[in-house]
Amino acid sequence: MVQRLDDKIAIITGAGSGIGAATAIRFVEEGASVLLADINEPGLVEVAHQIADEQKVKIQVADVLDESAIAACVQAAVDTWGRVDILVNNAGLGNNVPLADATKELMDRIWGVNLRAPIFFCKHAIPHMRPGSAIVNVASISSTCGIPGQAVYAPSKGGVLQLTRQLAIEYAKQNIRVNAVAPGSIETPMLWGDDPEASKPLLDWLLDKHPIGRFGKPVEVANAILFLASDEASFITGANLPVDGGYTAQ
């Protein structure tokens, strides 16, 4: 049986946990070879162990705030497999800091990981992409909706959505598709935060805002990314696919 990503080469950022890890596992199940990038080395090792196919996976420890580290990730994929067919810009940082308390350092870090890193990954990966390649950016419901406490985070994800549209137009003639997924609240370490008890009021508020009545699972976002990365989505570019339990339908 032909797999949906048979013989495809993918780079997945933030692959050491959560949505990135689930995406890596689904991609390999569908025939892809994957370079997993993350600053979290133990997480990368664990995901590679779950995949359990040394020919299909390569891990790259990288701080995506560093453009040279991003370039090294892309080069590692090219050196290993000769090209890049799919780029999944998933690495992200969240925060719920009131704007009055937000420092320049926090802003630089959030915007650096969430927006500048996808820009630099696209910059370095696109020259190695052939017609038929695909980029999937992980945006957020915060790309289009206001949520309390996300005055720093939301603009970074709004930028991801606009980056998606911009590159979709710029590279359509080369048949390189660029799309986004917009997860709602997904059961990942970023959702729970460092202090789940302190986050409980916001989590309760968010849960009430999801009409489907629960938070999402990482594999549910991974399946949407898989679709957009595959040839099944060959006439889709510049789109934003909500995976949010109905949050943005209201």
Side-chain angles (χ1 to χ4, degrees), residues 1-38 40 43-62 70 72-91 118 121-122 124-138 164 167-168 171-172 174-181 183 186 188 216-239 241 243:
M1 184 177 70
V2 176
Q3 297 166 299
R4 284 189 280 178
L5 299 184
D6 196 34
D7 197 36
K8 300 289 189 181
I9 308 303
I11 297 173
I12 302 171
T13 74
S17 66
I19 293 169
T23 302
I25 292 167
R26 289 294 290 120
F27 272 30
V28 174
E29 289 174 347
E30 290 291 341
S33 297
V34 295
L35 182 136
L36 311 181
D38 204 304
N40 174 13
L44 290 175
V45 171
E46 175 58 28
V47 174
H49 178 72
Q50 291 181 51
I51 292 172
D53 186 341
E54 293 183 1
Q55 301 302 312
K56 289 283 190 178
V57 63
K58 179 177 179 63
I59 65 174
Q60 187 85 4
V61 180
I70 290 171
C73 287
V74 174
Q75 192 61 51
V78 173
D79 289 345
T80 304
W81 295 295
R83 65 183 192 277
V84 177
D85 299 309
I86 300 166
L87 170 63
V88 179
N89 282 310
N90 166 73
F121 265 104
C122 291
H124 289 281
I126 287 172
H128 300 284
M129 289 182 155
R130 308 174 299 179
S133 296
I135 297 169
V136 184
N137 296 320
V138 178
T164 300
L167 294 183
Y171 291 97
Q174 297 181 33
N175 194 22
I176 296 174
R177 297 181 299 102
V178 189
N179 291 293
V181 296
I186 308 299
T188 67
K217 301 181 185 306
V219 71
E220 294 175 308
V221 184
N223 286 333
I225 294 171
L226 170 62
F227 165 67
L228 289 173
S230 75
D231 291 341
E232 292 176 354
S234 57
F235 198 56
I236 301 174
T237 195
L241 175 58
V243 188

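Across all their heavy atoms, Ala21 and Val47 have their closest contact at CB-CG2, 3.6 Å. In terms of heavy-atom proximity, Thr188 sits nearest to Pro218 at CG2-CG, 4.0 Å. In terms of heavy-atom proximity, Trp81 sits nearest to Val34 at CH2-O, 3.4 Å. Smallest separation of non-hydrogen atoms from Leu35 and Ala76: CD1-CB, 3.7 Å. Counting all heavy atoms, side chain and backbone alike, Ile59 lies closest to Ala48 at CG2-CB, 4.0 Å.
With a 4.5 Å cut-off on side-chain heavy atoms, Val78 and Val84 count as touching. Leu226 is listed as a side-chain neighbour of Leu5, based on a closest heavy-atom distance under 4.5 Å. Between Val61 and Asp38 there is no side-chain heavy-atom pair separated by less than 4.5 Å. Side chains of Cys122 and Asn89 form a contact here, defined as non-hydrogen atoms less than 4.5 Å apart. At least one side-chain heavy atom of Cys73 sits less than 4.5 Å from a side-chain heavy atom of Phe121. Contact annotation: the side chain of Ile25 approaches that of Ile51 to within less than 4.5 Å [non-hydrogen atoms, C-beta and beyond].
Side chain of Asn90 to main chain of Gly14: a donor-acceptor pair is present (N/O by atom type, distance under 3.5 Å, no hydrogens or angles). Remark: side-chain polar atoms of Arg177 are paired, donor with acceptor, to backbone N or O of Ile236 under 3.5 angstrom. Judged by distance alone, the side chain of Glu220 and the main-chain N or O of Lys217 form a donor-acceptor pair under 3.5 Å.
Look at Asp231 and Arg4 and you find no salt bridge, because none of the NZ, NE, NH1 or NH2 atoms lies under 4.0 Å from a carboxylate O. Taking the charged nitrogens against the carboxylate oxygens, Glu29 and Arg26 do have a contact shorter than 4.0 Å, which makes a salt bridge. Under a 4.0 Å N-O distance rule, the pair Arg83/Asp7 qualifies as a salt bridge.
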Should Val181 and Val221 be marked as a side chain to side chain contact (heavy atoms under 4.5 Å, CB included) after you check the CA-CA gap, both sets of side-chain angles, and the distance that decides it? CA-CA 8 Å; Val181 296; Val221 184; 4.1 Å; yes
Stepwise side chain to side chain contact (heavy atoms under 4.5 Å, CB included) check, Asn223 with Ile225: CA-CA 5 Å; Asn223 286 333; Ile225 294 171; over 6 Å; no
Please test Glu30 against Phe27 for side chain to side chain contact (heavy atoms under 4.5 Å, CB included), starting from the C-alpha separation and ending with a verdict. CA-CA 5 Å; Glu30 290 291 341; Phe27 272 30; 6.0 Å; no
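Side chain to side chain, Asn137 and Thr164 meet the donor-acceptor criterion of an N or O pair below 3.5 Å.
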